[in-house]
Amino acid sequence: MAARKKTKEPTFEERLEALEQVVHDLEDEDLGLEAAIERYREGVAHLKACRTLLDDAEQRLVELVQEGDEAVEKPLHVTDRGLEPDDED
């Protein structure tokens, strides 16, 4: 059985750019009704993904500064998904 290739999830910036393109396409008014509905659905999916990525980033920041009753700094490193905590404990 062949190993499945892991697909790279789009970054926040890529999703935001795609969302902006959808908005531009919809504002252009050259789309027919069905095409406009499909582009709108794509835009909603990009918006949902952006919100999820932002919520995840906010949660990581909360975890960074709050541990129990005290503020704690945890080292982070940059990955293709953004900032991630170092696992060197």
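This structure is a prediction, so every number in the text was calculated from the model and none was measured.
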Undergrad: Does Phe12 CZ have over 12 foreign heavy atoms under 6.0 Å away?
TA: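 More than 12 heavy atoms, drawn from other residues, nucleotides or ligands, come within 6.0 Å of this atom.
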Undergrad: For a quick test of reading the model, state the closest non-hydrogen atom pair linking Arg15 to Cys50 and the distance between them.
TA: CB-SG, 3.5 Å
Undergrad: Shortest non-hydrogen contact from Leu53 to Thr11?
TA: CD1-C, 4.1 Å
Undergrad: Could you list who else is in Leu33's hydrophobic cluster, with ILVMFWY side chains joined at under 4.5 Å, directly or through other members?
TA: Ile37
Undergrad: With a 4.5 Å cut-off on side-chain heavy-atom distances among I, L, V, M, F, W and Y, is there a chain of contacts connecting Leu31 to Val22?
TA: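 Per the 4.5 Å side-chain linkage, Leu31 and Val22 are co-clustered.
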Undergrad: Taking atom CG of Leu26 and atom CD of Glu42, what is their separation to the nearest 0.5 Å?
TA: 9.5 Å
Undergrad: Counting neighbours of CD on Glu17 that are heavy atoms of other residues, nucleotides or ligands and sit closer than 6.0 Å, is the number greater than 12?
TA: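 No - once you tally the heavy atoms of other residues, nucleotides and ligands closer than 6.0 Å, there are 12 at most.
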Undergrad: Verify the cluster assignment for Leu54 and Leu16: are they in a single hydrophobic cluster under the rule of side-chain heavy atoms below 4.5 Å apart?
TA: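 In one cluster: yes.
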Undergrad: Side-chain contact test, heavy atoms from C-beta onward, threshold under 4.5 Å: evaluate it for Arg51 versus His46 and give yes or no.
TA: no
Undergrad: Flag the pair Gln21 / Arg39 as yes when at least one side-chain heavy-atom distance between them is below 4.5 Å, and no otherwise.
TA: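 When only atoms from C-beta onward are counted, Arg39 and Gln21 do touch, with a gap below 4.5 Å.
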